[in-house]
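Shown next, in structure tokens, is the structure this report addresses.
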There are 2 protein chains.
Amino acid sequence: MVEDEMRPGEERAGIDPAAMPGDAGVCFIGHVSTPWMTREECPKNLRQARERAAGQAGAGYAVKVDEAFRAGLAGIAKGDRIIVLYWMHRARRDLVVQAPRHAEHPTGVFALRSPVRPNPIAMAVVEVLGIDQRLGVLDIDAIDCINGTPLIDIKPWLASIDVPPDT
Amino acid sequence: MVEDEMRPGEERAGIDPAAMPGDAGVCFIGHVSTPWMTREECPKNLRQARERAAGQAGAGYAVKVDEAFRAGLAGIAKGDRIIVLYWMHRARRDLVVQAPRHAEHPTGVFALRSPVRPNPIAMAVVEVLGIDQRLGVLDIDAIDCINGTPLIDIKPWLASIDVPPDT
């Protein structure tokens, strides 16, 4: 939705972050590689992406790290779980209350995983299926974005802190 | 570490993101409020922050959302688990291989949760202890950063996607 349309009940933020210079600069460290070339064919969430990949070896999901940052992959191994942060560069940034098709009521953006948010950072917890550090490629089990989406971070997923206490 | 020091085995990235204009702009949507005024007294990770808060009512951890974005809190309730993304504005951004004191070997940044990374985005999964939407304040159980750290996103934590399959 780069479009300017709004559904009933939706609200704009007091400012549009996309129209501002930004308080800090994000550096794209690589990109995400997926089978999805358009937003129409792209899975709507990680669960859908995983279902479509089920049982397919080499489903074509990967993150690719640019040469300047590849040394940062040292220590990641096949089977690891990682957190991928990616920048939803096609998403508008001005809607703080949204009415997704699946939701009953308009809801605040901070209670939604919508790519439309003040900072269009998406997050996926995924499994590393293979790694080629020289080429900067991590094959992963699934991810829910179009091919070429900018990559901004990779972190190890740690059950000790990333699952809330009393879960 | 805004300092330019390096420990044995550490490596710089081919480029320093802090010295570049940035590929996209991050908007600070609020800030994190903690009892820690300096990096020296700040807990080193979320586990430590949680231990220090244990048993203290009103330990003083909160996220505060600026007025322009407060409507985005609608739908968050006490007891919810949320993902907080914050910008570690004091951290250098050029080290891709790091030798943290707790680690045996120098390790790639993408296998570490260090605040020193190309994009200094930290992530914490926390519990909402209270909410005042009018003031834009979410009281939370713990977080591992100094007072005033810029806030960049809040997302709902969803066990169905944020815990990897087969965990």
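Chain letters run A, B, ... following the sequence lines, proteins first, then strands; residues in each count from 1.
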> Is chain B contacted by the side chain of A:Val97, its backbone, both, or neither, given a heavy-atom distance below 4.5 Å?
Replying inline: side chain
> Looking at B:Val65, B:Val163, B:Leu112, B:Ile82, which makes the most heavy-atom pairs under 4.5 Å with chain A?
Replying inline: B:Leu112
> Should the heavy atoms of other residues, nucleotides or ligands under 6.0 Å from CD of B:Glu67 be counted, would the total exceed 12?
Replying inline: no
>> Between A:Val137 and A:Leu129, is there shared hydrophobic-cluster membership here, with clusters defined by ILVMFWY side-chain heavy atoms closer than 4.5 Å?
In response: no
> With chain A, which of B:Gly14, B:Ala68, B:Gly22, B:Pro150 has the greatest number of heavy-atom pairs at distances under 4.5 Å?
Replying inline: B:Ala68
> Who wins among A:Val96, A:Val26, A:Asp66 for the most heavy-atom pairs under 4.5 Å with chain B?
Replying inline: A:Val26
> Thinking salt bridges, do A:Arg113 and B:Asp162 make one under a 4.0 Å N-O criterion?
Replying inline: yes
>> If we define contacts as heavy-atom pairs under 4.5 Å, which of A:Met123, A:Glu127, A:Arg70 has the most with chain B?
In response: A:Met123
> For A:Ala103, is it the side chain, the backbone, both or neither that has a heavy atom under 4.5 Å from a heavy atom of chain B?
Replying inline: neither
>> Which atoms of B:Ala142 are under 4.5 Å from chain A, going by heavy atoms: the side chain, the backbone, both sets, or neither?
In response: neither
> Can you check side chain to side chain contact (heavy atoms under 4.5 Å, CB included) on A:Asp16 and A:Arg93, steps first, answer last?
Replying inline: CA-CA 6 Å; A:Asp16 181 1; A:Arg93 301 173 62 173; 4.2 Å; yes
> In terms of heavy-atom proximity below 4.5 Å to chain B, should A:Ile29 be classed as side chain, backbone, both, or neither?
Replying inline: side chain
> Looking at B:Pro106, B:Ala159, B:Ala24, B:Pro165, which makes the most heavy-atom pairs under 4.5 Å with chain A?
Replying inline: B:Ala24
> Does atom CD of A:Glu104 have more than 12 heavy-atom neighbours, drawn from other residues, nucleotides or ligands, at distances under 6.0 Å?
Replying inline: no
>> Tell me the closest heavy-atom pair linking A:Val125 and A:Leu46, and the distance in Å.
In response: O-CD2, 3.6 Å
> Closest heavy-atom contact between A:Val116 and A:Leu95?
Replying inline: CG1-CB, 4.0 Å
> If you count heavy-atom pairs under 4.5 Å with chain A, which of B:Leu85, B:Ile121, B:Asn45, B:Thr107 comes out on top?
Replying inline: B:Ile121
> Looking at B:Gln133, B:Met20, B:Arg12, B:Arg50, which has the largest count of heavy-atom pairs under 4.5 Å with chain A?
Replying inline: B:Arg50
> Looking only at atom types and distance, does a side-chain atom of A:Asn119 sit under 3.5 Å from a main-chain N or O of B:Cys27, one as donor and one as acceptor?
Replying inline: yes
> Taking B:Gly72, B:Ala111, B:Gly25 one by one, which has the highest count of heavy-atom pairs under 4.5 Å against chain A?
Replying inline: B:Gly72
> Quick check: does any side chain N or O of B:Asn147 sit under 3.5 Å from a backbone N or O of B:Pro35, one acting as donor and the other as acceptor?
Replying inline: no
> Can you say whether A:Leu158 sits under 4.5 Å from chain B via the side chain, the backbone, both, or neither, judging by heavy atoms?
Replying inline: both
